[in-house]
Asks: 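Can you read through this structure? Questions will come right after.
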Amino acid sequence: MNSLRSAYATGAGGGAAAAAAAAAPATGRDLRGSAARRTLRFAPGDRVVVSGLPGSGKSTLIRRTVALTGEADDAAGRAPVHTIDSQDTRERWEARLPSWLPYGLYRPLARLAHYASLRRALASGGGVVVHDCGTQGWVRDWLARDSRRRGRALHLVLLDVSPQTALQGQAERGRGVSGYAFLRHRRAVGRLIEQAEAGRLPAGFASVVLLDRTSAAALDAVVFD
């Protein structure tokens, strides 16, 4: 991916860097191993898919870098940014239901609520950041179709961490997936990473950014300006 132009603007680059990123064609960038401070910048109303293995840090990255963006946009009179994470939906359901009730019993309803939230976010006109586990290819296809229909750009931020690191992340949050499911995630995310490393964008995507733990930790914010 070294030959591809950057799909980000650095925090130190100022307006010129942001303008260059906004004017760039379909692009990708491999930021793995870089500890430079950065801000990922997208156009208002764009959609960003954050993908990676379970436990790779997707939810943490979204909450840390996007949490304040929606408030800032709302205060400025722009459509707020929406973060759509199935984990948030699950936690909301768990807070309302008895603790002894197994998640498996109400998982279908929680999933329906999650996708309903995503549909509303896509129709809002604001920026959308979506948590993706890698195996839900039909969701990425849905996002690509909706983005084309509404004239929005779709971007992929891909977290590349080792299976051991991801399993450790699952243990730290106290919630994991089965061995079979984790193998499916590894295969799906592995294909996305191979595509990105070969300089191929997934169908319907305008850009892809590859991150590891080092470059993800150095990411300051994701903004839609």
Asks: Between Thr39 and Val223, does a side-chain contact (heavy atoms from CB on, under 4.5 Å) hold up when you go through it step by step?
Replies: CA-CA 7 Å; Thr39 294; Val223 298; 3.8 Å; yes
Asks: Are Glu197 and Arg29 within salt-bridge range, i.e. N to O under 4.0 Å?
Replies: no
Asks: In Å and rounded to the nearest 0.5 Å, what is the CG to CG distance from Leu31 to Leu158?
Replies: 11.5 Å
Asks: What residue pairs, at least two apart or across chains, pass salt bridge (charged side-chain N to carboxylate O under 4.0 Å, His left out) with a residue in residues 147-156?
Replies: Asp146-Arg149, Asp146-Arg150
Asks: Run the salt bridge (charged side-chain N to carboxylate O under 4.0 Å, His left out) test against Asp212 and tell me which residues pass, sequence neighbours left out.
Replies: none
Asks: I'd like to know if the side chain of Lys58 reaches the main chain of Leu53, judged simply by a donor and an acceptor atom lying under 3.5 Å from each other, with no hydrogens or angles considered.
Replies: yes
Asks: Decide yes or no for Leu40 and Leu219: does some side-chain heavy atom of the first lie under 4.5 Å from some side-chain heavy atom of the second?
Replies: yes
Asks: Check the pair His131, Ile84 against side-chain contact (heavy atoms from CB on, under 4.5 Å), reporting the backbone distance first and the verdict last.
Replies: CA-CA 6 Å; His131 177 287; Ile84 305 298; over 6 Å; no
Asks: Does Val48 reach the side chain of Val66, with side-chain heavy atoms less than 4.5 Å apart?
Replies: no
Asks: What residues form a side chain to side chain contact (heavy atoms under 4.5 Å, CB included) with Ala36, not counting sequence neighbours?
Replies: Ser34, Arg38
Asks: Apply side-chain hydrogen bond (donor to acceptor under 3.5 Å, both in side chains) to Arg92 and list each qualifying residue two or more places apart in sequence or on a separate chain.
Replies: Thr89
Asks: Heavy atoms, side chains only, cut-off 4.5 Å: are Val129 and Phe224 in contact?
Replies: yes
Asks: Could you tell me the separation between the CG atom of Leu156 and the CG atom of Leu201, rounded to the nearest 0.5 Å?
Replies: 9.0 Å
Asks: If I compare all heavy atoms of Leu159 with all of Ala216, which pair ends up nearest, and what's the gap?
Replies: CD2-CB, 3.9 Å
Asks: List for me each residue that meets ring-ring contact (aromatic ring centres under 6.0 Å, His included) alongside Trp138, sequence neighbours excluded, and say none if there are none.
Replies: Tyr115
Asks: Which pairs count as ring-ring contact (aromatic ring centres under 6.0 Å, His included) when at least one residue sits in residues 93-113, sequence neighbours excluded?
Replies: Tyr103-Tyr106
Asks: So do Leu61 and Val50 actually touch side chain to side chain, heavy atoms under 4.5 Å?
Replies: yes
Asks: May I ask you to decide if Ala153's main-chain N or O and Asp46's side chain share a donor-acceptor pair within less than 3.5 Å?
Replies: yes
Asks: Search all heavy atoms of Ala196 against all heavy atoms of Val208 and return the closest pair with its distance.
Replies: CB-CG2, 4.2 Å
Asks: Find the distance between CG (Leu122) and OG (Ser117) and round it off to the nearest 0.5 Å.
Replies: 11.0 Å
Asks: Tell me, please, which residues at least two apart from Arg96 pass salt bridge (charged side-chain N to carboxylate O under 4.0 Å, His left out).
Replies: none
Asks: Taking side chain as C-beta onward, heavy atoms only, is Arg119 less than 4.5 Å from Trp142?
Replies: yes
Asks: What pairs with Thr165 under side chain to side chain contact (heavy atoms under 4.5 Å, CB included), at least two apart in sequence or on another chain?
Replies: Val161, Ser162, Arg213
Asks: Quick check: do Leu118 and Leu143 have side-chain heavy atoms less than 4.5 Å from each other?
Replies: yes
Asks: Regarding Arg47 and Ser147, do their side chains bring together a donor and an acceptor under 3.5 Å, going by distance alone?
Replies: yes
Asks: Between Glu91 and Gln87, do the side chains contain a donor N or O and an acceptor N or O under 3.5 Å apart?
Replies: yes
Asks: Any salt bridge (charged side-chain N to carboxylate O under 4.0 Å, His left out) involving residues 178-191? Give me the pairs, sequence neighbours left out, ordered by first then second residue.
Replies: none
Asks: Please find the pair of heavy atoms, one from Ala217 and one from Arg37, that lie closest to each other, and give the distance.
Replies: O-NH1, 3.6 Å
Asks: Is the centre of the Phe42 ring less than 6.0 Å from the centre of the His155 ring?
Replies: yes
Asks: Does any non-hydrogen side-chain atom of Val157 lie less than 4.5 Å from one of Ser51?
Replies: no
Asks: With no hydrogens and no angle check, do the side chains of Ser59 and Asp85 hold a donor and an acceptor under 3.5 Å apart?
Replies: yes
Asks: Restricting to non-hydrogen atoms, name the atom on Ala144 and the atom on Gly204 that form the minimum distance, rounded to 0.1 Å.
Replies: CB-CA, 3.9 Å
Asks: Looking at every heavy atom in both His82 and Ala121, which two are closest together, and how far apart are they?
Replies: CB-CB, 3.8 Å
Asks: Hey, quick one: are Leu109 and Leu97 part of the same hydrophobic cluster, counting side-chain heavy atoms closer than 4.5 Å, chains of contacts allowed?
Replies: yes
Asks: Listed by chain and number, what are the side chain to side chain contact (heavy atoms under 4.5 Å, CB included) partners of Ser178, not counting sequence neighbours?
Replies: Tyr180, Ala181
Asks: Mind checking what makes side chain to side chain contact (heavy atoms under 4.5 Å, CB included) contact with Arg173, not counting sequence neighbours?
Replies: Pro54, Gln170, Arg175
Asks: What pairs of residues pass the salt bridge (charged side-chain N to carboxylate O under 4.0 Å, His left out) test when at least one of them lies in residues 123-142, not counting sequence neighbours?
Replies: Asp132-Arg140
